[in-house]
Visitor: 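Before I ask anything, let me first share the structure, which is written out below as structure tokens.
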Amino acid sequence: ETYDAAGKVVAPGFIDMHTHLREPGLEAKESIRTGTMAAAAGGITTIACMPNTKPAISTSIVVSGIKERAAKEGYVNVEVIGSISKDEEGKELAEMGDMLEKGAVAFSDDGHYVYSSRLLMNAAKYMTSFDAPLISHSIESELNADGYMHEGAVSAKIGVPGVPSVAEDIAVARDVLVAGYTGAHIHIAHVASKGAADIIRQAKAKGYPVTAEVTVHHLTLTDEACLGYSTATRVSPPLRSQDHVDAMRAALLDGTIDIIVTDHAPHAPEEKDVEFRKAPNGFCGLETAVGVVLTDLYHKNVLTLKQVVDKMSCSPARIFNLKAGTLKAGAPADITILDLDKEWTVDSKKFYTVGKVTPFEGKHCKGKAVATVVAGKFVMKDGAVCEK
Ligand code: DOR
């Protein structure tokens, strides 16, 4: 197979370490098939799926099941993130060793996004014998429950109760302290607050084994997007004010934050078609990530092309010890081909994801992934996912 890549950028395959595929159990929101088609369409060759499925990914059987289905029906590589707790209440530690044996690459919570300190400590101590990170979703439960968006000038203006950003700071402080105490590698998911970034910076300076990610939307959107009460802007952590966005960019540049992720969190469009306060958190991101990063970060001179490739391919592969996505001589390649100057408009009707809803609807972009190669085979060419 050939592709004329003259004038394009041939990059190592892009990796998204924070994708919510909803299979098993919630296929009306997304399946392995539709989620991996969306990844292929967006130029992403490897995704890692979060464990808040139904049942949660908390046993080796579920890990193997996802791996098998992904091998059969998936368009891109699927890495699996196991749950640290066996039950949804987070009382009992899951059999993490068994899941690692079946190929889990990291652990996170099962969807409640709050670990008890006890569970976290037990999991962290256990993980010190393995080379896989524990992911912290970094939202403090009680304070987070009080609001629907970032607490600040915009929430006051539109009369929607807000979540104080200190909720995130508190959660991140606890989790980096546990990393320092136990020596377990803790990866902070979707950092969105200036306070959390400052805490991670200090922890890294002390040599704590901490890594961190930021989403595309927390780098490029503010809470002003919520002014029209669009449920497409509801997400956890919430879109924050410009000072926080600036802090995320600075943290990415100084190495405090290691990678960029999508937090692709699809919900069935009708679930989002409700009043602002009733809508579930999250929206899809696999098909917009590369375009938005190239438009708002690369073309606006926030990141160089080398930094984009590092934050979306090399660093995630390194942090999570991934085999796929690392280019080795002679191995079948995972490749993302970029057209840096291609102009296009985000149109969710053209998305492969079931999730459709995006805060970037109608955005005019410059730059796009124009071909995706997984294990030496084209899975997307010029925006169209290739037949399997
Ligand atoms: O907005 C979000 N939705 N943030 C998360 O961390 C989880 C996700 C989901 O599962 O829908």
Side-chain angles (χ1 to χ4, degrees), residues 16-32 34-35 38 47-58 66 80-84 88 90 106-115 134-141 143-145 147-150 162-163 165 167-168 171-172 175 187-193 196 212-219 221 223 225-226 230-240 259-272 274 276-286 288-289 353-360:
D16 180 31
M17 290 310 298
H18 197 139
T19 296
H20 295 268
L21 292 176
R22 304 300 193 181
E23 189 173 348
L26 301 162
E27 290 83 358
K29 294 176 192 278
E30 192 84 289
S31 64
I32 291 169
T34 58
I47 56 179
C49 60
M50 283 291 168
N52 61 330
T53 47
K54 282 210 175 346
I57 309 177
S58 57
I66 293 171
V80 179
I81 295 168
S83 165
I84 62 169
E88 293 219 335
F107 290 93
S108 183
D109 44 27
D110 67 6
H112 288 255
Y113 300 110
V114 182
Y115 304 122
L134 209 52
I135 300 172
S136 149
H137 265 74
S138 61
I139 281 290
E140 203 275 332
S141 63
L143 294 173
N144 195 43
Y148 306 88
M149 63 179 288
H150 174 70
V163 183
S165 60
E168 183 179 329
V172 170
D175 294 0
H187 176 79
I188 310 293
H190 46 44
V191 179
S193 77
E213 66 185 37
V214 61
T215 69
V216 174
H217 45 277
H218 290 116
L219 285 167
L221 292 175
D223 54 354
C226 306
S230 164
T231 61
T233 65
R234 275 213 56 190
V235 67
S236 175
L239 299 175
R240 301 200 188 279
I259 64 173
I260 300 174
V261 299
T262 69
D263 194 5
H264 178 81
H267 297 286
E270 59 273 20
E271 291 175 284
K272 287 291 244 181
V274 292
F276 188 81
R277 295 188 198 196
K278 297 206 172 107
N281 281 317
F283 42 73
C284 55
L286 288 169
T288 48
T353 174
V354 176
K356 305 290 179 221
V357 176
T358 167
F360 297 111

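Just so you know, ligand 1 is whichever comes first in the structure, and atom 1 is the first atom listed for that ligand. Nothing fancy with the numbering, it's 1 onward along the sequence.
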Visitor: Give the atoms of ligand 1, by number and element, whose distance to some non-hydrogen atom of H137 is under 4.0 Å.
Guide: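 Per the distance check, 6 (O).
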Visitor: Does R22 use its side chain to pair, donor to acceptor, with the backbone of P266 at less than 3.5 Å?
Guide: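 The answer is yes, because a donor-acceptor pair under 3.5 Å joins these two groups.
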Visitor: Check each heavy atom of H264 against ligand 1 and say whether those closer than 4.0 Å belong to the side chain, the backbone, both or neither.
Guide: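 For H264, no heavy atom sits under 4.0 Å from ligand 1.
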Visitor: Hey, is R234 touching ligand 1 through its side chain, its backbone, both or neither, going by heavy atoms under 4.0 Å?
Guide: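 Within the 4.0 Å criterion, R234 makes no contact with ligand 1.
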Visitor: Considering residues at least two apart in sequence or located in another chain, which fulfil the ring pair (Phe, Tyr, Trp, His ring centres under 6.0 Å) criterion with F283?
Guide: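 F283 satisfies ring pair (Phe, Tyr, Trp, His ring centres under 6.0 Å) with H217 only.
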Visitor: Show the atoms of ligand 1 that are less than 4.0 angstrom away from any heavy atom in H267.
Guide: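 Near H267, meaning under 4.0 Å from one of its heavy atoms, ligand 1 has 11 (O).
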Visitor: Should you measure from each heavy atom of H20, which atoms of ligand 1 turn up under 4.0 Å away?
Guide: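 Those of ligand 1 that fall under 4.0 Å from H20 are 7 (C), 8 (C), 10 (O).
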Visitor: Would you check, one step at a time, whether the test salt bridge (Lys or Arg N to Asp or Glu O under 4.0 Å) holds for R240 with E168?
Guide: CA-CA 12 Å; R240 301 200 188 279; E168 183 179 329; 2.8 Å; yes
Visitor: Does either side chain, that of K29 or that of H267, offer a donor lying less than 3.5 Å from an acceptor on the other one?
Guide: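 Indeed, the side chains of K29 and H267 share at least one donor-acceptor pair under 3.5 Å.
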Visitor: Just checking, any donor-acceptor pair under 3.5 angstrom between side chains of T34 and S31?
Guide: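 There is such a pair between these side chains.
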Visitor: Check ligand 1 against N281 and write out every atom of the ligand that is under 4.0 Å from a heavy-atom position of the residue.
Guide: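 Numbered from 1, ligand 1 contributes 1 (O), 2 (C), 3 (N), 11 (O).
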Visitor: State, without any angle test, whether T262 and D16 hold a side-chain donor-acceptor pair at a distance under 3.5 Å.
Guide: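 Yes.
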Visitor: Taking the non-hydrogen atoms of H217, is any one of them nearer than 4.0 angstrom to ligand 1?
Guide: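 Per 4.0 Å heavy-atom rule, H217 does not contact ligand 1.
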Visitor: Check ligand 1 against H190 and write out every atom of the ligand that is under 4.0 Å from a heavy-atom position of the residue.
Guide: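 Counting from 1, the qualifying ligand atoms are 6 (O).
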Visitor: With nothing but distance in play, are any N or O atoms of R22 less than 3.5 Å from an N or O of ligand 1?
Guide: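 The answer is yes, given that R22 and ligand 1 share an N or O pair closer than 3.5 Å.
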Visitor: Check this for me - ligand 1, V235, N or O atoms closer than 3.5 angstrom, yes or no?
Guide: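 It does not: no N or O of V235 is found under 3.5 Å from an N or O of ligand 1.
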Visitor: For residues E213 and H18, is any side-chain donor paired with an opposing acceptor at under 3.5 Å?
Guide: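 The criterion, which ignores hydrogens and geometry beyond distance, is satisfied for H18 and E213.
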Visitor: Indicate whether the side chain of S236 and that of N281 have a donor and an acceptor atom separated by less than 3.5 Å.
Guide: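 Not at all, the side chains of S236 and N281 share no donor-acceptor pair under 3.5 Å.
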Visitor: Only heavy atoms of A265, strictly under 4.0 Å: list the atoms of ligand 1 that pass.
Guide: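 Close to A265: 3 (N), 8 (C), 9 (C), 11 (O).
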Visitor: Using a strict 4.0 Å cut-off to heavy atoms of D263, name the atoms of ligand 1 that fall inside it.
Guide: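 Near D263, meaning under 4.0 Å from one of its heavy atoms, ligand 1 has 4 (N), 5 (C), 6 (O).
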